[in-house]
Structure formats: C-alpha cells, structure tokens
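Throughout, protein chains are lettered first and strands after them, A, B, ... in sequence-line order, and every chain is numbered starting at 1.
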Amino acid sequence: MVEIRLTNTRTRRKEVFTPIDPANVRMYVCGPTVYDRAHIGNARPVVVFDTLFRLLRHVYGADHVTYVRNFTDVDDKINAEAQRRRAAGRPGTLEELIRERTEETIAWYHADMDALGALRPTMEPRATEYIGAMIAMISDLIGKGHAYAADGHVLFRVRSYRDYGALSGRSVDDMIAGARVEVAPFKEDPMDFVLWKPSDADLPGWDSPWGRGRPGWHIECSAMSHELLGATFDIHGGGIDLQFPHHENEIAQSCCAHPEAGFARVWMHNEMLQVEGKKMSKSLGNFFTVRDLLDQGYPGEVIRMVYLGTHYSKPMDWTAEKAAQAEATLRKWRGLVADAKAAPEPSPSVIEALSDDLNTAGAIAALHALAGAGDAAGLKASAALLGLLEDGMGDWVRELEILEWLVEGEDARPVIEMTIEKIAKARSEKDYSTADSLKSALAEAGVTLSFDRDGGVTYKRAKKLDLSKLEGLQ
RNA sequence: GGCGGGUUGGCGGAGAGGUUACGCAGCGGAUUGCAAAUCCGUGAAGACCGGUUCGAUUCCGGUACCCGCCUCCA
C-alpha cells in the first residue's frame, strides 16, 4: 500500500495518512456559493482536491473514496441578484428567481470545472436540501447549552467550546481585542456567531422553532458532512481563507453536537491565487473567471497544468507566461502520446511525488523524466493521475478543426487555406521569396505556419484574425 | 494591532543536513531553403544577519520585504 503523507493544518505537521475505513475514504471540500461564474481563484481548490481525489482513488480503489463538495445556495448575494431580477420585472416568485439563479450558476460551474478536467465529486449536496438537518443540529446545540436563541436569531456560544481557535491558532481573547466587527446587541459575547437568522418577506426563509428564517453560513457544512459522511471522516479541505472563521466555526458546531466524534481528522488548506503578482480584484482589472480564460483561448488542460505547477500550500501566480509554457509542454507531450496506449499502472515516481503531500510540481518533473526517456505509455498513464493528457481533453492541440473561423460574420477559412496552398506551391517551386512574403502576411493576419521536414504543414491560429492583412497579395 | 504563509539560478518551481531537481529562456551542436518543432550538450541559485554543526540553501533565532486572514471572498 502506498503511504500518503499530508500536511494537516490542524497539527501544522506532515502526517502519514491512515484512513478510518480504507473501504470508504471520506473527504469533504467546501464548494462554491452559487451566485456567479467561478473565478480562477475558486478553481484552485477544485483542481487541488480533484488531484487528491484521483490519488486516493488510485490507492484505495475508485469505489472506495467518497468525495463530497457542497453548493451554497443560501446567500445574501444570491438573494440580491434575485431581488434585482424581480425589480427588473422578471416573472416568478422570489424563491423561483433564486432557484433560477442557482440552477444556472451550478450549470456554469459544472461546465467550467469539467473543462479543467475535474472529476465530479461523489456527491454535491445543496444547502437548501439540508435545511431540516441544520435545524435539527441547531436544536441539539441549544439543548446541549452550546447555542441560544435571541431576538429571532440563534447564536453559537463560543465560550462554551474550550478548543475554539485551535485550528487557526487564535485565542478568543486576542480576537476580541483586535476585532473590528460590530457587535450585535443580542449577542452574549462578541465572538458568538449566527446559526440561524430571521428572514423578512423579501428574503427566502424556512419555518423553524425560532420563526421563519434562514441558516447562517457555517452550519450547512457541519450538517451536510454529518449527513453524508458521518460524525467522523478523513479529510476536510478548502481555501486557506476559510480556515477562519468558517472552518473554526464548523469544528465548534460539529464537535459540540457530536462530542464523542472527532469530526475531520485531517484539515487541508490551499493557498491563495494571484494574477501577475497581485491580488486578483475587480478594481485592479485583473479579475478573471474560468470562463474568461477559456473564452480567451486558454484550453482547460493548460489552465490545469499551470495550477499543478505550484504546490498547493504556496501562493500561486497566474501569468500569461506560465500558460504559454504549460501549453508548449502539453503540446510536446500530446505529440509523444498521440498513438500510445496507456501503461497499466502510473509510474512509481509520479505516485511517490503525489503521495508526498500532493507534490504536483514534483510529479510534473517526473512526467518530464518519462517524456525524456521516451516512455509514452508510462507518461500517458502517469499524467492521468494528474488529470492531464486524458482522451477528450486534447482537442485544443488541433486548433484547425475545432476553432471557429468566423471573422466579422465571414468564414475566414477558405481565404487562409488558399493562401496556404499558394505558399506550399511556391515552396515546391523553390520560390522562397514569394513563400516567405505570403507566410509573413499570414502571420500578421493571425495564422502562424510551420513546416515539417516531410512537407507537412501545421499552423497555429491567434485569438484574433485580421484578414485585411491578406488583401493585395497575389 | 493579533494570527498565519512566503522570500531559491534570467524566469517559473521542487526535494534533500553533505552527492544533477525539473521546465522555460540563454549558449554550443544536429536537423532545416530560412524558420518552427524535435534531438544532443552546457553555464547559472537559495533575501539579509547571527547561531547549532565537521558541514546549512535545507534546523534555530532575529531583521527586511511580499502576501493572506481577523469584514459570511477558495
């Protein structure tokens, strides 16, 4: 059995991973709030934990890993969008408009993450489908003295949980000292957080013992992980920004509701993503969704490769330069494995790298070694463990067939193909000056040609074509 | 202010207390009408200051700078 080592945020140490039940390894990852397209930062944990999922499936068997990733479909940003639509005259009740928004966002999310080669998790529960479980858990917490109802809200009594702050290394007193939060008058303690809050007529709500309302953010993950994975499970993942308060609060809720269980054994957090060295933000103009990148012509496989190039525990910088390098490498590898049949097993070197705290950069280095040795079968089988070089994701290599050739409504392809034929003819007649001038005109128009030794021609299309550059050529 | 992460060769980016990371770019060569691609070879590093050690880029402490969280943003 391969020994997997993972850095556990909870203990701040790299530990040997030992599943509670090797026949059912259980992992929960915090998923998206479905109010809009996923940005490229949202995609990092998806790729990271997808890779871990693949490794676990390889080691314990595909049928012995349960991966749960939730959709948060109760949220003020979703409500705001639905209210905006209603104000704009869209038909339907608020609940219907909310459902409409979350449905379309989930469909986008699936399409975008599929494009990155991420396997669908075993289960993708929605918060709204587990309201009953949340209410039951909240009632239980009240009964055990860990929560209290006040002014239509239910709050978690942070002081009732000794170990609060253990995950993120904070003490309650320090946090209060440095807190910038406004303290609601109904809180017993400034750090107490909301389990349930009241909804007015303009907000979605569910009936509860505390009146019509909606759940706080943190309780959904505690309730759903308990329902689907049990009171104790193996791995809980998410972005480092969730470490506090979200995960801290999850731990408090779950451990107080089920004090006999340990909740998640291993906590894993991926570091944040930056763009060209800066924090991604709308105001800086460097904010991209995954769909933006796909639309710009970056293949999903290339995006994935860029992500895997940096260890998950370090900040990752998205740059055009990295994408270009990743594309060149994948292009080379795709050429190598084009006619290869995958080996029955991935290379031990790749498994070893991934087993060492998901060292994806090391795994890629191992893939380079396989490629350098000409081991196409081994490369193909090993890359699959990283979600790379898989069948069905490589169409981007043959841009000619798949890209659209419309320029301002006209099909550019006949003009370009005719020009290419002229170049080929000129070359065969050794009229190199004509060939070169046509070639450079074509390059300016947006199509770069290269010739094989055996006379074949391959060409690469730029994102934007400008056919005016071809005018006036014979 | 509190907590946490980072700083490696021109660029990206890993591991290991002492032996080549790896990739890209560069340089030299093969191939090519010229290129591209491909192949072979090759130089180059670990923010700063101390400490531990026979020996540290790798461990410990400090300084500087960068980043994140503490505001339901992965």
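Across all strands shown, nothing is found opposite B/rU31 as a Watson-Crick or G-U wobble partner with both distances under 3.5 Å. Under the Watson-Crick or G-U wobble criterion, with both distances below 3.5 Å, B/rG18 is paired with B/rC54. Nucleotide B/rA47 has B/rU63 as its partner under the Watson-Crick or G-U criteria, with both atom distances under 3.5 Å. Under the Watson-Crick and G-U wobble criteria, each requiring two contacts below 3.5 Å, nucleotide B/rG10 is paired to B/rC24. Remark: B/rU71 base-pairs with no nucleotide; criterion is Watson-Crick or G-U wobble with both hydrogen-bond distances under 3.5 Å.
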Set out, line by line, the N/O atom pairs under 3.5 Å between protein and nucleotides 9-16 of chain B.
residue, atom, partner, partner atom, Å
B/rG12, O3', A/Lys322, NZ, 3.4
B/rG13, OP1, A/Lys322, NZ, 3.0
B/rG13, O3', A/Gly309, O, 3.4
B/rA14, OP1, A/His311, N, 2.6
B/rA14, O2', A/Asn359, ND2, 3.0

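Below the 3.5 angstrom threshold, one finds a donor paired with an acceptor across the side chain of A/Arg427 and the base of B/rG33. For A/Asp436 and B/rG33, a side-chain-to-base donor-acceptor distance below 3.5 Å is present, hydrogens and geometry of angles not being considered.
Atom-to-atom, CG of A/Asp241 to P of B/rG6 comes out at 17 Å; the value is rounded to the nearest Å. Rounded to a whole Å, the CG atom of A/Asn270 is 6 Å from the C1' atom of B/rA74.
Residues A/Glu271 and A/His311 bring no donor and acceptor atom of their side chains to less than 3.5 Å of each other. A/Thr66 and A/Thr122 form no side-chain donor-acceptor contact under 3.5 Å, judged by distance and modelled atom types alone.
The gap from the P atom of B/rC49 to that of B/rC70 amounts to 36 Å, rounded to the nearest Å. One C1' atom belongs to B/rU58, the other to B/rG18, and the distance between them is 11 Å to the nearest Å. Spacing of P atoms, B/rG13 relative to B/rC24, comes out at 16 Å, to the nearest Å. B/rU63 sits 16 Å from B/rG6 when the C1' atoms are compared, rounded to a whole Å. B/rU8 sits 14 Å from B/rA45 when the P atoms are compared, rounded to a whole Å. Taking the C1' atom of each, B/rU52 and B/rG26 are spaced 40 Å apart, rounded to whole Å. Going from the C1' atom of B/rG50 to that of B/rG29 covers 48 Å, rounded to whole Å. As rounded to the nearest Å, B/rG46 and B/rG41 have C1' atoms that lie 26 Å from one another.
Proximity of A/Lys332 to the phosphate of B/rC24: a side-chain N or O atom is located under 4.0 Å from OP1 or OP2.
Salt-bridge annotation for A/Arg334 and A/Glu301: present, with a side-chain N of the basic residue lying under 4.0 Å from a carboxylate O of the acidic one.
Base orientation of B/rG46: syn (glycosidic angle within 90° of 0).
Within the 4.0 angstrom heavy-atom criterion, no nucleotide atom of any strand lies near A/Gln243. Within 4.0 Å (heavy atoms only), A/Leu273 reaches at least one base atom of the nucleic acid.
The six-membered or imidazole ring of A/His218 lies away from that of A/His247, with a centre-to-centre distance of 6.0 Å or more. Aromatic rings of A/His153 and A/Trp196 (six-membered ring for Trp) have centroids beyond the 6.0 Å cut-off, not under it. Under the 6.0 Å cut-off for aromatic ring centres, A/Tyr161 and A/Phe156 do not qualify, their centroids lying 6.0 Å or more apart.
If you check B/rA74, B/rA35, B/rC22 against the side chain of A/Lys439, the one that comes closest is B/rA35. Side chain of A/His39, nearest nucleotide from B/rG23, B/rC34, B/rC73: B/rC73.
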Report the C-alpha separation of A/Arg5 and A/Glu352 in whole Å, then their side-chain angles, then the decisive distance to 0.1 Å, and conclude whether the salt bridge (charged side-chain N to carboxylate O under 4.0 Å, His left out) test is met.
CA-CA 10 Å; A/Arg5 282 143 284 146; A/Glu352 174 50 36; 3.1 Å; yes
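Between A/Arg101 and the options A/Asp73, A/Asp75, A/Asp36, a salt bridge (Lys or Arg N to Asp or Glu O under 4.0 Å) holds for only A/Asp36.
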